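One structure is given below, encoded as structure tokens.
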Amino acid sequence: MRTNQPTTIHLSEYKVPAYLVDAVDLCFELFDDGARVHSTLSVRHNPESTEESAPLALDGDSLKLESVALNGKELAAGDYEETDEQLVIAKVPVQFELKVVTWIEPQNNTRLEGLYKSSGMFCTQCEAEGFRCITYFPDRPDVMARYRTRIEADKNTCPVLLSNGNDVEKGDLDNGRHFVTWEDPFPKPSYLFALVAGDLVEKQDTFTTCSGRDIDLRIYVEARNAAKTRHALDSLKRAMRWDEETYGREYDLDIFMIVAVDDFNMGAMENKGLNIFNSSCVLASQETATDLAFQRIESIVAHEYFHNWSGNRVTCRDWFQLSLKEGFTVFRDATFSADMGSSTVKRIEDVTLLRTAQFAEDAGPMAHPVRPASYMEISNFYTLTIYEKGEEVVRMIHTLLGPELFRKGSDLYFERHDGQAVTTDDFVRAMEDASGRDLSQFRLWYEQAGTPELTVSDNYDDEQGVYRLTVQQSVPDTPGQTDKKPQHIPFALGLLGADGETLPLTLENDQNAASAPVERVLELTEASHTFEFHGLSQKPVPSLLRSFSAPVRVVYPWSREQLLFLMSHDSDGFNRWDAGQRLAIDVIQSLVASTETVEVEPRLVEAYRSLLGDATLDQALVAKMMQLPSEAYLVELANSPDVAAIHRTRERVATYLATALRDELIECYHRNTGTDVYEITPESVARRSLRNTALAWLLMINDETGRDLALAQLSAADNMTDRMGALRALVNSDYASERTQVLTDFYERFQEDPQVVEQWFSVQASSDRAGQLPQIHALLEHPAFDWKNPNKIRSVVAVFAGQNLAAFHNPDGSGYEFLADQVCRLDDSNPQIAARLVTPLTRWKKFAPAYSALMRSALERVRDKSELSADLYEVVHKSLES
Ligand code: PHE
Ligand code: ZN
């Protein structure tokens, strides 16, 4: 058991650094058995610090110190103190040069923080606190320095040597070695440092910026992946153009590089001029990547590129401000993706993630504000709240200010803070200063955790023609936070008349009723508001929180008639989809709650039938509307969910619908299949999505025609979307021998491709047919499984626990014990991944007593593991104590 508790860091204790570093000169000598890092720092006392003669404290982790010299003079052992986490020099001048030499072992680095090896290449990951695993340094984002980096390595195994900035010098050395020196002119925090050395091929392109500068774009990959880089390069160029047009941001260096690595803890990293990507988030070809993967790659490439301004040029003062760069950058990439494809579909996807996973986080033991007040291990705070809720917060500012003032605000923010390390408050202030709006109450979105709940009620006065809408808000308690204040919430609203027409929204004190808008963004600032709409000759159907204008839960007593009506009439595409979801949820929930076997709502069939038959509708939206709410979302919405019952009922509803709509589904399949060439346009993506959804439904009822269509599609497909769609449908059917056969064939064909093998693992791990615990154990024993590779771990273990809910929540507790075992095992090699993986168990309180007791005991077993990492310590203790 861990005896010493990791320390808690508080935002309220922030102090400016006592010393600043103006320049860093690094030299890496890379060898097979380790690396020697020479670091020369130009240090000076920070004039803003009140600590006059503070000791110099540098962070370090797992370093072997070889020497320290101050102003050219080697220090003796007594001149400094070396602890597990720091190098402290008690007395230093106001300005000096410090030389530190350390020895590290990248080849043994399984945590994938700092400098490590992946498929034979050297690479780095420094966010948040990885630079301290490379050399001693004040490893905090408010210390910004200019870097010069020389890399020396074997010419054969490492022909490519990369770091941030521009390459300024290169040459040969003795013993078959060579070197390259890089210089980054922009001061940056240490978390943006990057180095790559390996045997990589280069794919090249160029981009001409708005001011006419030519930028050299390069992607570096292993030779076998050379044919999978086109999409990322194209996405990059689109993102560069978009950021110029939408935010007025031009790229600033002469070269922009992307590197793909197989072993990576996260999706990708925005290191200055040298973005490093998880292979699965950058490599794609028609043959091996699904439409979803193509879209994800486009958005992640854009996300990392956008960080060049929102994150790099203007960075975070401390890690409590993480959402400053992440929330804003997710907002930027989401708007970009919306502009590149279907904005309604993009919004639906983002809200689905938010409501399923972020709302669950906000209701769980790790709930924290968008700007947390404390943490133990910062890597535990790369959360859905920081990213997704953080995005929603920026989106609400955009909604409140409107596009022009928001742009004025972002211009001011970038101009005012260029080259600085700032706070979320600075961001909000720039928005206020540019717009003249007061966002003081709005700031509560950064401070209060928990998902606000809006309870809406209404009545219609037919004598006066007045419709009254009352909205009450409350923010639930979260760990360490009670009695919250009302927040400032933009609440977009429309009203529909009996024929589905949008009605003018005339508020009581509106002067000109004739020009009343048909949509309004009402601003909620108090616990309760009542709005009165005049001049209405009939009781309208409200379309609430259009486009999901705020990250809140809405409670309103919708009748099924109203939902059916909105599902076919709402002019807000998002709400049209949402009405369908709410209807399906209502049907499933009432079936779960009822003891006798009641009939499934027959009107649901008619609703889906008209959806399937309506060729005038945006087919991308239809494809989304044809997806039932996920089990995970149904579980999130329930109190003490009975997972098995939710699983059974959802299947029952799907089976009922598929049986009733069988002919229409076949027809839909054929209508959306043709000899079309493969393109990634919203239209063709929608066609593939619809035909694969039709297949999934048909195989849910084990339809023979459906099976034959799936088998034929699987063998004829010229792209991974269709292949995966057919594979998934077959795997989730009761055709057991076909399932085994197609899985075997698929593996045979794609076993050399790690990205495809990961998808192959996921399809099985998420399936209640192919992913019961004994089968999951078999996947872990599979030759393609690799405990050192986070993607493989995620595609089996995380997918099982997060998407195969009935199997994971097996009443005998075996799923929980399994997860606890894997978490303990991983904690010794990769604590960041272990701490993420344990998440499903941390939700133990939500479940009925029989389940929660078992979950809790699995968690306790993790807690009692010997040498528990700080990462896992924080998550496990917080969830057991809550
Ligand atoms: N900053 C990265 C991003 O959001 C995510 C990341 C965090 C990557 C920490 C690695 C380590 O783009
Ligand atoms: Zn990011």
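First listed ligand is number 1; within each ligand, the first listed atom is number 1. Just so it is clear, the structure is predicted and the values come from calculations on it, not from any experiment.
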Mind checking what makes side chain to side chain donor-acceptor pair (under 3.5 Å) contact with Thr329, not counting sequence neighbours?
-> His307, Ser310
The Zn ion (ligand 2) has as its nearest N, O or S atom from Glu326 the atom OE1
For this output row, return yes or no: ring centroids of Trp319 and Tyr191 closer than 6.0 angstrom.
-> yes
Interfacing atoms of ligand 1 (cut-off 4.0 Å, heavy-atom, Glu304) = 3 (C), 12 (O)
Geometric N/O contact Gln125 with ligand 1, under 3.5 angstrom = no
Charged N-O contact under 4.0 Å between Lys346 and Glu349 = no
For Lys325, atoms of ligand 1 separated by under 4.0 Å from a heavy atom = 1 (N)
Can you find a heavy atom in the side chain of Ser829 that is under 4.5 Å from one in the side chain of Arg111?
-> no
Could you grab the angle centred on the Zn ion (ligand 2), going from NE2 in His307 to NE2 in His303, to 10°?
-> 100°
Which atoms of ligand 1 are found less than 4.0 Å from any heavy atom of Glu270?
-> 1 (N), 2 (C), 3 (C), 12 (O)
Pair Tyr305 + Phe256: ring centers closer than 6.0 Å | yes
Can you list the ligand 1 atoms lying under 4.0 Å from a non-hydrogen atom of Ala268?
-> 2 (C), 3 (C), 5 (C), 6 (C), 8 (C), 12 (O)
